[in-house]
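Notes to accompany the following structure.
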Amino acid sequence: KAGVTQTPRYLIKTRGQQVTLSCSPISGHRSVSWYQQTPGQGLQFLFEYFSETQRNKGNFPGRFSGRQFSNSRSEMNVSTLELGDSALYLCASSLGRASYNEQFFGPGTRLTVL
Amino acid sequence: GQNIDQPTEMTATEGAIVQINCTYQTSGFNGLFWYQQHAGEAPTFLSYNVLDGLEEKGRFSSFLSRSKGYSYLLLKELQMKDSASYLCAVRDSPASGGSYIPTFGRGTSLIVHP
């Protein structure tokens, strides 16, 4: 069974631009969660989607948004990029709600904002 | 809210045993996870504890004491490939005002040398 895939793997943007990251969960998994990982803050939860609905949201500004499609694939969008948004963005999928199930992480998208 | 503490870095010798501690303070508790993350890769699930005691899985064991807000990950017969970051994550409980989504510690970087 294929694992969680994320595209692109690497991305370079400039301040003020926007970016869209994509995540395809493991086949059959319906929950997708997004995390931001930086050396200073560690792994921080962004949001969770289940059945195309946002179920939980972390403490991030409104510039960070996401959505989930009927096939469980998810995208997250960051608008008006700031230097501090440079990070590894990880997607994790689980069979049911992330609350109750083990999460499987994708390889991440490394975003660099110049 | 939650506060999770783990040492920033540890070193050990190949073949030895190492214990990585994690202490947490949460208003509620609904499980503790350990993940392993090699540099540049996604976190991978190691263990899950929700009841007090020791869970053993091959060379890795995880212990939990809910009354003390304390867990440790024990790695035996260390191998060079065990050099990685080890993340402790605690799941809070909505009943106490928290969320089921895990909160991660900043990780312990383990360096195994010959």
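Within every chain, numbering begins at 1; the chains are lettered A, B, ... in the order of the sequence lines, protein sequences first and strands thereafter.
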field: Output field: ring centroids B/Phe104/A/Phe45 closer than 6.0 Å
entry: no
query: Centres of the B/Phe45 and A/Phe105 rings: under 6.0 Å?
result: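 Centroid distance B/Phe45-A/Phe105: not below 6.0 Å, so no.
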query: Where is the tightest heavy-atom contact between A/Gly106 and B/Ala42, given as atom of each residue plus distance?
result: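 In terms of heavy atoms, the two residues are closest at O-CB, 2.6 Å.
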So with a 6.0 Å cut-off around [atom1] of [X], is the heavy-atom count from everything else above 12?
{"X": "A/Arg9", "atom1": "CZ", "answer": "yes"}
{"X": "A/Asn59", "atom1": "CG", "answer": "no"}
{"X": "B/Glu77", "atom1": "CD", "answer": "no"}

Common cluster, B/Leu110/B/Tyr72, ILVMFWY with side-chain heavy-atom separation under 4.5 Å: no
field: ILVMFWY network linking A/Tyr89 to A/Leu81, side-chain heavy atoms under 4.5 angstrom
entry: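 Linked within one cluster.
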task: Side chain from CB out, backbone as N, CA, C, O: work out which of these in A/Gln44 comes under 4.5 Å of a heavy atom of chain B, or both, or neither.
output: neither
task: Select one option (side chain, backbone, both, neither) describing which atoms of A/Leu43 are under 4.5 Å from chain B's heavy atoms.
output: both
message: Let me confirm one number: the CD-CD distance from A/Gln37 to B/Gln37, rounded to the nearest 0.5 Å.
response: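 Output value for this atom pair is 4.0 Å.
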